[in-house]
Amino acid sequence: MQSIIIKNIKQLVGIQEAWTTCRKGSEMNHLQCLDNGYLILKDERIFDFGTMEKWHSNPSRIDADILEIDATGKLVFPSYCDSHSHAVFAGSREEEFVDRIKGLTYQQIAAKGGGILNSAAKLAMASEEELYESAWSRLQGLIKTGTGALEIKSGYGLSLESELKMLRVIKKLKADSPLTIKATFLGAHAVPLLFKDNKEGYINLLINEMMPAIANENLADYCDVFCEQNYFTKEETILILNTGKGYGMIPKVHAEQLSHSGGIEAGVSCGAISVDHLEYADANDIELLLNSKTMPTILPGAAFFLNLPNPPARAFIDSGLPLAIASDYNPGSSPSGNMNMMLSIASIQYKMTPAEVINAATINSAYAMGVSASHGSITRGKGANIFITKEIPSYSFIPYSFGVDLIETVILKGEVV
Ligand code: NIG
Ligand code: FE
């Protein structure tokens, strides 16, 4: 593979020491950068970087066959890590969007058969090939907007057959895409119609049939539960996550999104790698998280789209916690997976500084999806996963310019995409 040198970089953003796995509290407001720099990518890894001054004094290490990119006036970032998505789905749900504009809530729409069950009905009709094709084109869009690692959940299957179908599509995307992909089993996303009056029966199916079949094909890295009123209780969440652990699936939780339901407590007690959403998190949850290795993760797209209260992002950071940002890309609550937009919402609505949102969407979200060794920062030896912006004045210009496409070149696994 051809090596790449990027020269005259106006600013190289997000440099971290190799041992940094996340940034918490006041550290989140520090974003280590280097002005007028170069970056060398070799054998799919970050090989070296430094100032142009250093380069001019010692340019000899360059390969004969190297692609040279001039980044005058441009910034270089580590690729975003999007640690929470539902990017495999069938069809869209804009009719529910219109219902919400007319005054119905997400919960009211779900109660009349819409919501997740609507997507499950659509997914049941779609073939594996159709699901793969539509997800592939969504992923191409995410790559253009700077995402380099993506977690994708099942959870629109809600039957053994359809959950396996979704997870096999994710497995194929993992193999084919330049993105680094992690798969999450979210069979506990909703109770399907067939089990409307028998949630226990559905949980038994999850635990006794789905999990063994998924583990048998090695289809899931993580296991997730939607811990929420009318979905799964705290106790059910703990049971499902602990059983998943026995099959090698690391816990994650959809927690405190529409009400305070105990998802954070459940997640922390099971050693979850992340707890996500957090709109209704309280002071006790902050205490629990402070004594854990769990990454609190906010999903600004879903809160924005559903008009939810802002998650208490400032309270989390100010009490010393780390915080990650992900997109929650899905047809019901976040029809966009554009991480730049997520950064803008978090800055504008939650009062997170540009440095904080960039750390949240790179080093911290890499932790939340278990890819810290290869992603999340400019660090020698990490994977060559970066993007180059257009000519922009500063890194703050990214969250500032909401909805504007500022990324010019994407390099994933050492190759220009
Ligand atoms: O993360 N909260 C639950 N699940 C998704 C929404 C799924 C849907 O509405 O299709 C979320 O917001
Ligand atoms: Fe979600």
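Both ligands and their constituent atoms are indexed starting at 1 by order of listing.
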Visitor: Nearest protein heavy atom to atom 4 (N) of ligand 1, by residue and atom, and its distance?
Guide: H189 NE2, 2.8 Å
Visitor: Could an N or O of ligand 1 be found under 3.5 Å from any N or O of D328, whether backbone or side chain?
Guide: yes
Visitor: Looking only at protein heavy atoms, identify the closest one to atom 12 (O) of ligand 1 and say how far it is in Å.
Guide: S333 OG, 2.6 Å
Visitor: Looking only at heavy atoms, which two atoms of I240 and A188 are closest? And how far apart?
Guide: CD1-CB, 3.8 Å
Visitor: So, K171 and E217, do they make that salt bridge, N to O below 4.0 Å?
Guide: no
Visitor: Which heavy-atom pair separates P300 from I325 by the least distance, and what is that distance?
Guide: CD-CG2, 3.9 Å
Visitor: Only heavy atoms of H84, strictly under 4.0 Å: list the atoms of ligand 1 that pass.
Guide: 1 (O)
Visitor: Short list, please: which atoms of ligand 1 are under 4.0 Å from a heavy atom of H277?
Guide: 1 (O), 2 (N), 11 (C), 12 (O)
Visitor: Where the Fe ion (ligand 2) is the corner point, what angle links NE2 of H84 with NE2 of H254, to 10°?
Guide: 90°
Visitor: Do NZ/NE/NH1/NH2 and the carboxylate oxygens of K122 and E95 come within less than 4.0 Å?
Guide: yes
Visitor: Y106 heavy atoms, cut-off 4.0 Å: which ligand 1 atoms fall inside?
Guide: 6 (C), 7 (C), 8 (C), 9 (O)
Visitor: Assess H86: does it contribute an N, O or S atom lying under 2.8 Å from the Fe ion (ligand 2)?
Guide: yes
Visitor: Answer yes when E236 and K199 have at least one side-chain N-carboxylate O distance shorter than 4.0 Å, and no when they do not.
Guide: yes
Visitor: Locate the shortest heavy-atom distance separating S377 from K382; write the atom from each residue and the value.
Guide: OG-NZ, 2.8 Å
Visitor: Of the backbone and side-chain N, O or S atoms of D328, does one lie nearer to the Fe ion (ligand 2) than 2.8 Å?
Guide: yes
Visitor: Provide, to 0.1 Å, the distance between atom 2 (N) of ligand 1 and the closest protein heavy atom, together with that atom's residue and name.
Guide: Q257 OE1, 2.6 Å
Visitor: Determine, using ring centers only, whether F185 and Y247 are less than 6.0 Å apart.
Guide: no
Visitor: What's the shortest distance from atom 7 (C) of ligand 1 to any protein heavy atom, and which residue and atom give it?
Guide: Y156 OH, 3.4 Å
Visitor: In terms of atom number and element, which parts of ligand 1 are under 4.0 angstrom from non-hydrogen atoms of H254?
Guide: 1 (O), 2 (N), 3 (C), 4 (N)
Visitor: Side chain, backbone, both or neither: which part of E228 has a heavy atom under 4.0 Å from ligand 1?
Guide: neither
Visitor: Before accepting this row, confirm whether a basic side-chain N of the pair D224/K153 lies closer than 4.0 Å to the acidic partner's carboxylate O.
Guide: yes
